[in-house]
Amino acid sequence: MTPDLFAALSVPVDEIEKLRNEIHRLDHAYYVLDAPVASDTHYDALMSRLRALEADHPEQITTDSPTQRVSGKAENAFTPIVHAQAMRSLDNAFSDDDVSAFWQRIVGLLPQAQPLFCAEPKLDGLAISLTYIKGILTQAATRGDGVSGEDVTNNVRTIRNIPLKLNSHNPPERIEIRGEVVMPRSAFEALNHRQRELGSKTFANPRNAAAGSLRQLDASITANRHLQFFAYAVGDLSEEGLKSQWQLLQTLRVWGFAVAVEGALVTGIEGLLDYWKKLGEQREQLAYDIDGVVYKLDNIEQQQQLGFTAKYPRWAIAHKFPAQEVWTKLLAIDIQVGRTGALTPVARLEPVAVGGVIVSNATLHNGDEIARKDIRIGDTVVVRRAGDVIPEVVGIVEQLRPDNALVFNMPDTCPVCDSVVIQEPDKSVHRCSGGLYCPAQKQRALEHFVSRKAMDISGLGGKVLEQLLQANLVNHPDDLYRLTYQQLLSCERMADKSATNLLNAIKKSKSTTLPRFIFALGIPEVGEVTAQSLARHFLTLDALMQASEEQLQAVNDVGVVVAMHVKRFFEQAHNQTVIAGLRAEGIHWAEVEVIKTPENSLFSGKTIVLTGTLSSMSRDDAKHLLTQAGAKVSGSVSAKTDVVIAGEAAGSKEDKARALGVSIWNEAEFLAALAPLNFANDKA
Ligand code: 9MJ
C-alpha cells in the first residue's frame with residue numbers, strides 16, 4: 001500500500017458524516033421544531049469534534065457542513081440574480097367585500113367545484129428564494145422587483161432554521177424554495193435595546209430590522225440577529241408531483257423547513273372570513289409580526305387552470321389586517337413627569353386608527369431619540385402600535401416636512417414644578433430635580449406607594465389620589481394614615497362603604513414587611529428585588545438609612561448608580577421627615593429573618609426569570625422560594641439571565657430566552673431542582 005492510499009483510508013469519513021447528520025438532526029429539533037433533544041454541552045461537544053476533524057482534513061469540508069454556516073466570503077454579496085420563475089407578489093383584499101369578490105371570481109372560473117382554500121398567516125418580513133441543487137443549499141436571493149433580486153447566500157446561510165441540506169434521500173435535482181425571512185419580536189426588541197445602548201440607529205419595525213440584517217457585508221453580524229425563515233412555496237411545482245398547497249406545506253416540513261403555524265383548509269366566504277378573524281385575534285400572541293392572511297386555492301391543478309394576471313396569481317389573495325403602522329401629523333410634544341422625575345416626551349397626534357384603535361398620543365421615549373430621528377413638530381410621523389405595547393413614533397416621513405416644522409428641545413425646567421431639569425451623564429433620561437416637591441412626582445410617588453407590591457392599599461386609585469392631593473388632604477405618604485372618614489366622603493364617588501373599606505385597607509397596610517416598605521419609598525432604581533436585597537443585607541431600616549455608598553455597594557446587585565440613589569434619597573431632609581411620620585403613624589414590620597441559603601443550592605447567585613403560569617404554586621411563592629434558595633429573580637430576560645422557568649402559556653419571555661440561548665426549564669424541572677432543598681410548605 002502506498003503512503004498516499006494509506007492516508008486516504010485513514011480519513012474518518014464515516015465519523016464526519018455521522019457527526020454532520022447528528023448535528024443537522026439536533027439543529028432541526030432546536031430551531032425548527034422548537035423542541036430540543038440534547039443538552040448544549042452535548043451539542044457543543046459534537047461541534048468541536050467535527051471542527052477538529054475538519055481542521056485535520058480540510059479537503060473534507062463541504063458547504064453543507066454545520067461548521068460552515070458563517071463563512072465570511074463576501075465576494076458575491078448582493079450581485080443581481082435573475083429568478084428562474086418570477087417571484088410575483090399577491091393582490092390585496094382590505095375588506096370583506098374584497099374577499100367576497102375574490103371568492104365569486106374563482107367560483108365563476110371553476111364552476112364544477114366548491115373550491116377549497118389553504119389559508120396561511122401572511123408573515124411581515126422579506127420574501128426570499130433558496131435554491132437547492134441535489135438537496136444542497138447553493139444560492140439565496142432576495143425577491144427584489146420579482147424578476148431579479150440580490151445574492152444574499154452567505155447571510156442566509158447563517159439563519160439557523162434553514163436547512164443547509166434537504167432532509168430527503170431522493171432530493172430533486174434542482175428546487176427553489178420560497179418563503180419569508182422574519183425577525184421575531186423578542187429579537188427585534190433586544191436588538192433595538194442594544195442599538196440604543198450603543199447610541200446606534202434603532203430599527204422602526206421587525207421587517208426593517210430583518211432587511212437591514214440581511215444586507216450586511218459581514219455575515220457574522222447577520223448570524224447574531226436571530227432571523228428566522230418560514231417556507232410557503234416552491235418556484236416550479238410541476239416536477240414534484242404535488243397535488244395541493246396543503247401537501248406542499250407538509251412536504252416542506254419533511255424537508256426540514258419551518259412552516260408558519262396555524263394554517264388551515266377552509267371553504268366558503270364565511271370559512272375564509274372566520275379564519276381571518278380568528279388569526280386576527282391571535283395576532284398579538286404570535287412570536288413574529290403578521291400583516292394579514294393569504295388564501296390560496298388548495299388544488300394545484302386548479303391553480304394552474306387559473307394562472308396569472310400580469311402581476312398576480314389569480315388563485316391567491318392577501319387579506320390584510322388593520323395596519324400597525326400609520327402616518328399622521330405630529331401636532332405638539334408634551335412632557336410627562338414620572339415617579340422618579342424622568343421626563344417623557346409624548347407626541348400629541350392628529351387622531352388616527354392604528355391596529356384597530358384610535359390613537360392620539362404616542363411615546364417619543366426621550367430627548368435623544370427625538371434628536372436621533374430628527375422629529376419636528378409639524379412633521380408627518382410614522383406611528384406604530386403592535387400588541388399591547390404603548391404606541392410609539394418610530395420615524396418621520398421626510399418628504400412631507402413642512403417649511404415651518406419646529407425643532408423640539410427638552411425643557412431646562414420641569415413643566416409642572418419649575419425645578420431644574422438634569423440630564424444624567426451617559427443617560428438619555430432628563431429628570432426633574434424637584435423630588436417630592438413636584439406635584440407630578442408626588443402623585444406618581446403616591447400611586448407607587450399604595451400599589452399592590454408596595455403598601456398594597458386597595459381602593460385608592462389615581463382619581464381619588466388626585467382629589468386628595470388637590471384638596472390638600474394628602475401631601476406625603478404619611479398623610480394617608482391621618483385621613484378621616486369625613487374627609488374621604490368629600491371625594492367624588494366615595495360613599496359610606498367605599499370610604500370604610502378604604503380606611504380599613506389603609507389601616508391594614510400598617511403591618512407590612514421591610515422589603516415592601518423600602519420598595520414603597522420609590523427610591524430611583526430600587527425595584528422589588530433590590531429592596532429585598534437591601535432588607536436582607538441591612539436587616540433594619542436604620543442601618544440602611546445610615547449606610548455609606550461603599551457599604552451599599554457590598555449588597556448583591558447594588559452598583560455605583562443604585563448606591564448613589566439610595567444614599568441621596570436618605571440624605572434628603574424631607575424624605576427623613578416622611579419616614580419619621582410613617583413610623584409615628586404606626587407602620588411596622590416583623591424583623592427580617594436571616595435566611596441561610598442552603599449550601600447545596602443550584603440556584604445560588606443565579607439570575608432567574610419566571611414566566612407563564614405554574615400549576616403547583618403562585619408566581620409570588622415561586623419567587624420567594626427562589627430568593628430563599630439564593631437566586632435573584634428578575635422580571636426581564638437578558639443575556640445575563642441564567643435560567644427562564646416557563647410555566648403554561650409562557651409568551652415572549654420564553655421566545656427571547658430561546659433567541660438569546662438562555663436555558664429554559666419547565667415546571668417539572670424547576671420542582672426537581674427545588675426538591676433537594678426541602679422547602680416544602682415554607683411560605684413567605
Ligand atoms: C407570506 N408573506 O407569508 C405568500 N406569504 O405565496 C405566504 N406569501 C405567497 N404566501 C405566493 N404565506 C406568493 C406569495
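Because the structure is predicted, anything quoted here is derived from the model rather than measured. Order of appearance sets the numbers: ligands from 1, and atoms from 1 within every ligand. By convention here, the first residue in the shown sequence is residue 1.
Counted by atom type alone, Ser95 and Asp97 present zero donor-acceptor pairs between their side chains at under 3.5 Å.
Residues in residues 270-292 take part in these ring pair (Phe, Tyr, Trp, His ring centres under 6.0 Å) pairs, two or more places apart or across chains: Phe230-Tyr288, Trp276-His319, Trp276-Phe321.
Taking the six-membered ring for Trp, Phe102 and Tyr312 have ring centres at least 6.0 Å apart.
His83 places a side-chain N or O within donor-acceptor distance of the main-chain N or O of Thr142, the cut-off being under 3.5 Å.
Ligand 1 is surrounded by Arg88, Leu90, Glu120, Pro121, Lys122, Leu123, Glu180, Tyr232, Val294, Lys296, each with at least one heavy atom closer than 4.0 Å.
The existence of a salt bridge linking Asp91 and Lys311 is excluded, since no basic side-chain nitrogen approaches an acidic carboxylate oxygen closer than 4.0 Å.
Glu325 approaches Ala204 most closely through the heavy-atom pair OE2-O, 4.2 Å.
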